[in-house]
Amino acid sequence: MRLLVTGGSGLVGHAMQKICPDAIYVSSKDYDLTKEKDVNAMFERHKPTRVIHLAAKVGGIRDNIDHPAEFVYQNVLMNSYVVHYAYKYKVEKLIATLSNCAYPDVAKKYPLKEEQFHDGPPATTNFSYAYAKRTLDVQIKSYRKQHDCNFFSVIPCNMYGPYDNFDEKQSHFVAALIRKIHKTRENKEKTLNLLGSGKPLRQYLFSEDFARILIMLLDKYDGNGPINIAPKDENPSIAEIAKIALKAINAKDINIKFDKSFPDGQFRKDIDTEKLQKIIGPFSFTTLKDGIRKTYEWYLKSNLTY
Ligand SMILES: NC(=O)c1ccc[n+]([C@@H]2O[C@H](COP(=O)([O-])OP(=O)(O)OC[C@H]3O[C@@H](n4cnc5c(N)ncnc54)[C@H](OP(=O)(O)O)[C@@H]3O)[C@@H](O)[C@H]2O)c1
């Protein structure tokens, strides 16, 4: 088996390298996947039998709001070429990565089931990214139907872990939270200021758990996707996550203050994991406390300037 992983330099790519060091990992420095000739060259050179397609233009809310054209253009091109060339080069199995951000902004029923993926418009804040992911879902299903390709997709919830993006302008919630707690402590302050009410609910998955699950699916699953991926029965509020983070990084003397004048964003987007549980059976998910502790240890070791 020759496993090729796109997006090998990202948050999930690094977790995959730890779990599965023998695979071939590529990033934009090796091939620009928005360029057809690069995608062709990648398949020609590596001739993979299996592909995990992680590469994407990913960003926080601000980045999504400011650059919607880049999000749709780059993601649609990358996905279209990678899936099409995987078909042309007769890849035996491909897993593509969608996102729970692409589910409808508001749904009638929660937790969200896979069949609700296209049931209404996604949040306006990441409309372009979400539609690119929905298009990837359509593409995967179409190649499966017309060409009988053993391709399927997964829908992870929000993720965090070592190698996450801690940059102030681009980071997602957990990385931003870790950075803010660290800076609060460094500045000998006692109050952690967070934006919004703290009430929205958010599922979080440790990137190494996701990598392990991807390898299990690669071995065990040949059916139709997509498959939701999130820790079982967990949907903490932002306030609860912040409290867990303070404990995880031993900063219990810091108080949290929420600035309710800032908007909250989506109240909930939790996904149902019954399908995943049936496929992989019992799985021991990393607790938020342990995952945040490991991520903080990595952050400290990395000597990041932000
Ligand atoms: N992080 C989350 O919370 C989350 C949640 C749900 C779904 N997902 C999905 O999970 C997958 C992995 O996410 P991640 O957080 O690991 O992303 P990430 O850390 O932002 O990494 C993105 C990866 O894609 C590569 N890439 C971007 N543009 C490229 C291009 N034009 N050509 C080739 N490679 C390119 C990057 O390479 P360079 O480093 O060279 O730029 C990097 O390796 C993505 O599909 C994402 O949409 C992520």
Side-chain angles (χ1 to χ4, degrees), residues 4-19 23-43 51-61 63-64 67 70-83 85 94-103 112 117 122-123 126 128-137 140 153-167 169-177 202-211 213-214 226-231 241 269-271 291 295:
L4 174 80
V5 181
T6 69
S9 57
L11 165 68
V12 179
H14 274 103
M16 285 286 311
Q17 290 191 38
K18 185 169 171 193
I19 308 300
I24 303 154
Y25 291 90
V26 292
S27 76
S28 69
K29 291 190 182 66
D30 306 300
Y31 304 98
D32 179 352
L33 300 179
T34 64
K35 305 267 186 300
E36 186 168 9
K37 69 171 181 28
D38 277 29
V39 177
N40 189 16
M42 177 178 81
F43 279 94
V51 172
I52 295 181
H53 175 42
L54 301 172
K57 178 167 173 59
V58 181
I61 290 187
D63 202 14
N64 270 274
H67 306 105
E70 285 170 34
F71 275 88
V72 74
Y73 177 71
Q74 293 184 23
N75 283 318
V76 165
L77 282 180
M78 266 189 259
N79 297 336
S80 296
Y81 290 141
V82 169
V83 173
Y85 276 84
L94 174 142
I95 305 182
T97 324
L98 311 179
S99 168
N100 74 332
C101 298
Y103 266 105
L112 295 153
F117 196 59
N126 66 359
S128 301
Y129 173 78
Y131 269 109
K133 289 295 189 191
R134 289 191 187 189
T135 306
L136 175 57
D137 178 52
I140 290 288
S153 9
V154 290
I155 312 178
C157 65
N158 295 313
M159 288 185 272
Y160 70 100
Y163 298 93
D164 207 343
N165 189 343
F166 286 85
D167 186 306
K169 291 200 186 78
Q170 292 172 333
S171 48
H172 292 138
F173 174 62
V174 169
L177 179 64
R202 290 290 180 271
Q203 285 171 313
Y204 268 95
L205 176 64
F206 190 50
S207 54
E208 290 171 21
D209 289 354
F210 183 51
I213 291 171
L214 285 174
I227 305 163
N228 283 337
I229 304 190
I241 298 171
K269 47 183 176 175
D270 43 308
I271 52 178
T295 307

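Note that ligands are numbered from 1 as they come in the structure, with each ligand's atoms numbered from 1 the same way. As the structure is a computational prediction, the values presented were derived from the model and not from experiment.
- Remark: distances from the non-hydrogen atoms of Lys57 to ligand 1 are all 4.0 Å or more.
- Applying side chain to side chain contact (heavy atoms under 4.5 Å, CB included) to Gln203 and the options Ile271, Ile229, Asn158 leaves one that passes, Ile271.
- Residue contacts with ligand 1: Tyr129 is included, with a non-hydrogen atom under 4.0 Å away.
- Neither the backbone nor the side chain of Gln74 has any atom closer than 4.0 Å to an atom of ligand 1 (non-hydrogen atoms only).
- Scanning all protein heavy atoms for the shortest distance to atom 4 (C) of ligand 1 gives Met159 CE, 3.6 Å.
- Remark: ligand 1 atoms within the under-4.0 Å shell around heavy atoms of Thr97 are 9 (C), 10 (O), 11 (C), 45 (O).
- Residue-ligand proximity: Cys157 is placed with a non-hydrogen atom under 4.0 Å from ligand 1.
- The ligand atoms of ligand 1 that sit less than 4.0 angstrom from a heavy atom of Leu54 are 11 (C), 12 (C), 44 (C), 45 (O).
- Using a 4.0 Å cut-off to heavy atoms of Leu33, the atoms of ligand 1 that qualify are 30 (C), 31 (N), 32 (N), 33 (C).
- Using a 4.0 Å heavy-atom cutoff, Asn75 is absent from the residues neighbouring ligand 1.
- Residue-ligand proximity, Val12 to ligand 1, at heavy-atom distances under 4.0 Å covers atoms 12 (C), 16 (O).
- Panel note: side chain Tyr25, backbone Met16; a donor-acceptor pair is recorded below 3.5 Å.
- Of all the listed residues (Gly10, Ser27, Ser9), Ser9 holds the heavy atom that lies closest to atom 36 (C) of ligand 1.
- Close approach of ligand 1 to Pro156 is summarised as follows: ligand atoms under 4.0 Å from at least one heavy atom of the residue are 6 (C), 7 (C).
- Annotation for Ile140 and Val83: closest pair CD1-CG2, 3.9 Å, computed over non-hydrogen atoms.
- The two residues Pro162 and Glu208 have their closest heavy-atom pair at CG-OE2, 4.1 Å.
- Atom 7 (C) of ligand 1 has as its closest protein heavy atom Leu98 O, 3.3 Å.
- Looking only at heavy atoms of the protein, atom 6 (C) of ligand 1 is closest to Ser99 OG, 3.4 Å.
- With hydrogens and angles ignored, the 3.5 Å screen pairs no side-chain donor or acceptor of Lys269 with any backbone N or O of Ala102.
- Looking only at distances, a side-chain donor or acceptor of Asp38 sits under 3.5 Å from a matching main-chain atom of Asp32.
- In this structure, Lys133 has a heavy atom closer than 4.0 Å to ligand 1.
- Between Phe206 and Tyr160, the ring planes lie tilted relative to each other; the angle falls in the 30° to 60° range.
- Heavy-atom proximity to Thr34, at under 4.0 Å, picks out these atoms of ligand 1: 31 (N).
- When the heavy-atom distances from atom 41 (O) of ligand 1 to Ala132, Gly161, Ser28 are ranked, the shortest goes to Ser28.
- Ligand-side atoms of ligand 1 in range of Leu11: 1 (N), 15 (O), 16 (O), 19 (O), range being under 4.0 angstrom from any heavy atom.
- Proximity of a side-chain donor or acceptor of Thr34 to a complementary backbone N or O of Met78 within less than 3.5 Å is not detected.
- The protein heavy atom nearest to atom 27 (C) of ligand 1 is Ala56 O, 3.3 Å.
- Near Tyr31, the atoms of ligand 1 lying under 4.0 angstrom from a non-hydrogen atom of the residue are 32 (N), 33 (C).
- Considering every non-hydrogen atom in both Ala55 and Asn79, the closest pair reads O-OD1, 4.4 Å.
- Smallest separation of non-hydrogen atoms from Asn75 and Ala56: OD1-CA, 3.4 Å.
- Considering every non-hydrogen atom in both Asp63 and Phe71, the closest pair reads O-CE1, 3.5 Å.
- Ile61 CD1: 12 or fewer foreign heavy atoms inside a 6.0 Å radius.
- The shortest contact between atom 28 (N) of ligand 1 and any protein heavy atom is with Met78 CE, 3.5 Å.
- Taking both residues in full, the closest heavy atoms of Tyr204 and Ile241 are given as CD1-CD1, 3.8 Å, listed atom of the first, atom of the second, then distance.
- In terms of protein heavy-atom proximity, atom 31 (N) of ligand 1 is nearest to Asp32 OD1, 3.0 Å.
- When only non-hydrogen protein atoms are considered, atom 17 (O) of ligand 1 lies nearest to Val58 CG2, 3.7 Å.
- Remark: minimum distance from atom 23 (C) of ligand 1 to any protein heavy atom is reached at Gly7 CA, 3.6 Å.
- Looking only at distances, no side-chain donor or acceptor of His172 sits under 3.5 Å from a matching main-chain atom of Phe166.
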